[in-house]
Amino acid sequence: MARVRKGAGRPAPLRVLHVAAEWFPLVKTGGLADVVAALPAAQRAAGLDARLLLPAYPALRQALAGATEVARIGAAFGAARVALLRGTLPGSDVPTYLIDAPWLYDRPGNPYLGPDGQEWADTLQRFGLLGWTGAQLAAGGLDPDWAPAVVHAHDWHAALVPVYLAARGTAGTHARTVLTVHNLAYQGRFALERFGELGLPAWMAGPAGIEFHGTLRLLKGGLMFADRITTVSPTYAREILGPAEGHELDDVLRHRADRLTGIVNGIDDAVWNPAADPAIAAPYDATDLAGKAACKLALQRELGLAQVAGAPLLGVISRLTPQKGLDLLLSTLPQWLGAGGQVALVGSGDPALEHAWRAAAQAAPDAVGVRIGYDEALAHRVVAGSDLIGVPSRFEPCGLTQLYGLRYGSLPVVHRVGGLADTVVDADEEALREDRATGFAFAGASPEALARALRHALDGWHHPAAWKRVQRRAMAQDTSWRAPAARYAALYAEALAGP
Ligand code: ADP
Ligand code: GLC
């Protein structure tokens with residue numbers, strides 16, 4: 001594992017600071033939270049000194065154990081009183097810094113939206129302070145006992161870390177920066193007139209800085225100044241270099257293509273483990289799938305579906321946004337149900353999609369079970385109780401639910417894009433012959449292509465011996481964080497050694 005040598009003495013573990021806006025399980029709107037909780041923990045297990053920097057949202061502030069104040073920052077970004085705390089969060093051994101700024105962070109709602117569903121008016125200050133603090137900590141200016149060698153910023157929320165470090169110029173020695181793009185569609189866009197609130201040098205208000213087409217784009221700034229850029233799968237790393245998936249930033253990314261790589265996420269194999277999952281009806285593993293059948297019956301019962309073991313059950317756990325392609329599934333629903341299939345969906349998001357899915361459940365209550373809302377335990381029961389996990393996303397940087405599906409022997413049905421293409425092997429004839437198949441993949445985001453993949457899955461379902469083989473192959477995949485954590489360590493070493 002990558003270590004930095006200090007003189008001739010004992011090798012000191014590489015110090016890395018993750019900077020992010022979410023943390024599983026306390027502050028989560030999507031897969032980002034899972035990554036931010038699991039990756040630093042996996043890195044510590046591999047011998048790195050990985051730490052975390054997060055805003056002191058109420059749930060985190062209340063949960064922080066052993067909190068000590070490491071720095072009193074004073075007034076910043078409109079907040080009168082800002083301090084940096086260090087402690088640990090429940091169930092985690094990762095030293096965690098929280099930015100205690102009650103004016104900016106001590107409020108209900110999620111990191112981006114208030115309880116009324118509206119964006120916070122001071123989002124720029126909230127993430128300005130996060131980026132600024134990350135840069136200060138990385139420059140050795142906040143914790144007298146610790147500074148990172150690498151600072152790893154996640155998404156646009158933390159994209160100002162490399163920007164503030166660049167604004168300091170080359171004077172001080174400071175950490176190398178890695179920016180991970182979890183989803184290029186979200187860029188942190190603000191009116192250019194607000195540039196003054198960030199306290200950055202004037203030149204950064206131009207194209208060489210964080211300005212983009214007359215607006216501020218925080219992510220673009222991070223892409224300009226990070227030493228290394230990653231995204232969460234190799235295929236997505238290629239896709240975002242073109243206009244279709246580049247979300248206007250493909251040009252910026254092409255200029256930095258030599259610094260861009262893709263590393264597929266892992267999943268927390270303690271949280272997602274069918275052999276020891278407290279949320280599911282019965283434990284099981286690849287050698288004995290009897291528990292899975294019990295999980296399916298329990299899920300059918302819970303959702304009011306017909307309790308038929310022979311009906312293939314397609315599970316979906318998802319944000320309901322256009323990205324996720326669940327409108328395609330709605331369009332193909334009559335065919336799937338007509339062929340005897342069932343659907344279990346837990347999700348929330350766009351009101352129109354929520355409404356349409358509720359209506360689908362009302363129209364066929366014994367075949368379509370829908371729970372609108374966010375329910376972590378139900379997500380586990382859906383993964384364990386389903387035969388298939390549907391991820392028909394139009395684009396998908398990585399995707400986590402297909403990885404849960406693999407681990408739980410619930411075969412993923414995916415659109416062959418981004419991380420879905422990198423993690424699921426379609427059960428075509430060749431893959432079946434070579435015993436490599438792990439699910440069903442389709443090309444092109446159309447209801448027809450999805451319907452074909454579902455027909456293919458249905459064929460497979462009617463061949464139980466072959467189905468079991470694919471299930472076992474899926475469950476044998478290494479979806480843990482071990483390999484990705486090693487890849488990040490190699491990338492840090494490269495960033496420390498190279499330009
Ligand atoms: P994204 O981050 O784009 O939403 P991912 O697949 O990477 O997509 O991660 C989504 C995460 O959020 C997964 O852990 C998934 O189980 C979880 N999730 C999404 N919607 C719900 C929901 N309604 N209830 C429980 N968990 C959900
Ligand atoms: C984003 C992406 C998703 C990815 C997750 C974690 O939310 O949409 O594909 O799995 O981040 O990296």
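Position 1 is the first residue of the sequence, and the numbers go up from there. Order of listing sets the numbers, starting from 1, for every ligand and every atom in it.
- The six-membered or imidazole ring of Tyr112 lies near that of His157, with a centre-to-centre distance under 6.0 Å.
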| task | Verify salt bridge (charged side-chain N to carboxylate O under 4.0 Å, His left out) between Asp269 and Arg407, making sure each step is shown before the conclusion. | result | CA-CA 9 Å; Asp269 52 12; Arg407 182 125 163 86; 5.0 Å; no

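- When non-hydrogen atoms are compared, ligand 2 lies under 4.0 Å from neither the backbone nor the side chain of Asp34.
- Taking only nitrogen or oxygen atoms, main chain and side chain alike, Lys28 reaches within less than 3.5 Å of ligand 1.
- When only non-hydrogen protein atoms are considered, atom 20 (N) of ligand 1 lies nearest to Ser318 C, 3.5 Å.
- Given atom 7 (O) of ligand 1, the protein heavy atom at minimum distance is Leu400 CG, 3.4 Å.
- For a threshold of 3.5 Å applied to N or O pairs, the pair formed by Asp375 and ligand 1 contains at least one separation below that value.
- Within the structure, every pair that satisfies the ring-ring contact (aromatic ring centres under 6.0 Å, His included) test and touches residues 356-389, not counting sequence neighbours, is listed here: Trp272-His380.
- With hydrogens left out, the protein atom closest to atom 9 (O) of ligand 2 is Glu396 OE2, 2.5 Å, a heavy atom.
- For the ring pair (Phe, Tyr, Trp, His ring centres under 6.0 Å) criterion with His247, the lone passing option out of Tyr236, Tyr186, Phe395 is Phe395.
- Side-chain atoms of Thr230 and Thr261 include no donor-acceptor pair closer than 3.5 Å.
- Atom 2 (O) of ligand 1 has as its closest protein heavy atom Gly31 N, 2.7 Å.
- Looking at ligand 2, you won't find any N or O of Lys324 less than 3.5 Å from one of its N or O atoms.
- Using a distance-only test at 3.5 Å, with no hydrogens or angles considered, a donor-acceptor pair links the side chain of Lys292 to the main chain of Ala384.
- A ring-ring contact (aromatic ring centres under 6.0 Å, His included) check over residues 21-64, counting only residues at least two apart or in different chains, returns the pairs Tyr57-Tyr105.
- When the heavy atoms of Arg319, Lys324, His182 are ranked by distance to atom 8 (O) of ligand 1, first place goes to Lys324.
- When heavy-atom distances to ligand 1 are checked against a 4.0 Å cut-off, Asn183 has no atom that comes that close, whether in backbone or side chain.
- In terms of N/O distances under 3.5 Å, ligand 2 is approached by Gly399.
- Ligand 2 lies out of reach of Gly419, whose nearest heavy atom is not under 4.0 Å from it.
- Close N/O approach between Gly373 and ligand 1 is found [any backbone or side-chain N/O within under 3.5 Å].
- In this structure, the protein non-hydrogen atom closest to atom 22 (C) of ligand 1 is Tyr374 CD1, 3.5 Å.
- The nearest protein atom to atom 13 (C) of ligand 1, hydrogens excluded, is given as Tyr404 OH, 3.5 Å; this is a heavy-atom distance.
- In terms of modelled atom types and a separation under 3.5 Å, the side chain of Glu354 and the main chain of Gly349 share a donor-acceptor contact.
- Heavy atoms of Val232 found under 4.0 angstrom from ligand 2 belong exclusively to the side chain.
- Of the N and O atoms on the side chains of Thr123 and Arg126, not one donor lies less than 3.5 Å from an acceptor on the other residue.
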